[in-house]
Amino acid sequence: QLELVESGGGLVQPGGSLRLSCAASGNVASIENMGWYRQTPGKQRELVAVIYSSGSRNYGEFVKGRFTISRDNVKKTVYLQMTSLTPEDTAIYYCNVLARAAGITVNFWGQGTQVTVSS
């Protein structure tokens with residue numbers, strides 16, 4: 001099992017920046033993908049960014065070069081650096097980790113951290 005602890009959310013003005021962190025703790029055989037999703041009321045959870053064990057990355061179309069995902073495999077931590085934030089980025093951001101444990105692949109989710117972009 002993995003426990004995911006997110007931090008870094010909060011209130012920021014339009015055009016500002018935030019850095020989200022998600023630290024994983026627990027015993028698994030390996031961590032594959034690490035990523036971030038977000039959700040607003042009445043909408044489906046959507047992919048923000050994912051970074052694979054190979055180091056390659058994918059981003060949601062709305063990111064448009066504003067966000068950067070990175071990971072520290074030693075610390076089992078994934079980061080999301082967000083810049084040029086707009087009110088449309090307001091959402092709960094969830095950390096997601098795909099890991100292998102006991103021969104199976106398991107999806108883990110964090111509890112979510114609120115990001116509010118407002119003046």
>> Is there a side-chain contact (heavy atoms from CB on, under 4.5 Å) between W109 and R45? Walk through the geometry before answering.
In response: CA-CA 12 Å; W109 292 93; R45 195 170 292 189; 3.2 Å; yes
> Is R38 salt-bridged to E46, going by a charged N under 4.0 Å from an acidic O?
Replying inline: yes
Any chance you could measure [X], atom [atom1], to [Y], atom [atom2], to the nearest 0.5 Å?
X	Y	atom1	atom2	value
C95	L2	SG	CG	9.5 Å
S70	R19	OG	CZ	6.0 Å
S53	E32	OG	CD	4.5 Å
N96	N33	CG	CG	8.0 Å
Q111	E3	CD	CD	8.5 Å
Y93	Q39	OH	CD	12.0 Å

> Run the side chain to side chain donor-acceptor pair (under 3.5 Å) check on T83 and Q81 step by step: do they pass?
Replying inline: CA-CA 7 Å; T83 64; Q81 179 68 50; over 6 Å; no
> Quick one: do L85 and F62 end up in the same hydrophobic cluster if we chain Ile, Leu, Val, Met, Phe, Trp and Tyr together by side-chain heavy atoms under 4.5 Å apart?
Replying inline: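 Both belong to a single hydrophobic cluster.
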> If you group Ile, Leu, Val, Met, Phe, Trp and Tyr by side-chain heavy-atom gaps below 4.5 Å, do I92 and L47 land in one group?
Replying inline: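 Same cluster.
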Over all heavy atoms of both residues, which pair between [X] and [Y] is shortest? Give the atoms and the distance, please.
X	Y	result
V28	A101	CG1-CB, 4.1 Å
I51	R71	O-NH1, 3.2 Å
S119	P14	N-CD, 3.6 Å
Y94	G112	CD2-CA, 3.6 Å
S17	S84	OG-N, 4.5 Å
L4	G110	CD1-N, 3.6 Å

> Could you go step by step and tell me if Y59 and V50 meet the side-chain contact (heavy atoms from CB on, under 4.5 Å) rule?
Replying inline: CA-CA 7 Å; Y59 295 93; V50 59; over 6 Å; no
Looking only at atom types and distance, does a side-chain atom of [X] sit under 3.5 Å from a main-chain N or O of [Y], one as donor and one as acceptor?
X	Y	value
T90	V117	yes
K76	G26	yes
T77	K75	yes

> Are E61 and V63 close enough, and set up right, to give a side-chain contact (heavy atoms from CB on, under 4.5 Å), and what steps lead you there?
Replying inline: CA-CA 5 Å; E61 288 187 4; V63 170; over 6 Å; no
Cut-off 3.5 Å, side chains only: do [X] and [Y] have a donor facing an acceptor?
X	Y	value
S54	S56	yes
Y79	D72	no
T105	R100	yes

> L80 pairs by side chain to side chain contact (heavy atoms under 4.5 Å, CB included) with which of L18, L20, T68?
Replying inline: L20
>> Measuring centre to centre across the rings, with the benzene-like ring taken for any Trp, is F67 within less than 6.0 Å of W36?
In response: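 When the ring centroids of F67 and W36 are compared, they turn out to be at least 6.0 Å apart.
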> Is any side-chain heavy atom of V48 less than 4.5 Å from a side-chain heavy atom of M82?
Replying inline: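 With C-beta onward as the side chain, the pair stays apart.
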> Any side-chain heavy atom of I69 sitting closer than 4.5 Å to one from V78?
Replying inline: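 Heavy-atom side-chain distance check passes, below 4.5 Å.
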> Heavy-atom count around N107 CG within 6.0 Å, excluding the residue itself: above 12?
Replying inline: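 Yes.
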> Would V97 and I31 satisfy side-chain contact (heavy atoms from CB on, under 4.5 Å), going step by step from the backbone distance to the final call?
Replying inline: CA-CA 7 Å; V97 171; I31 291 178; 3.7 Å; yes
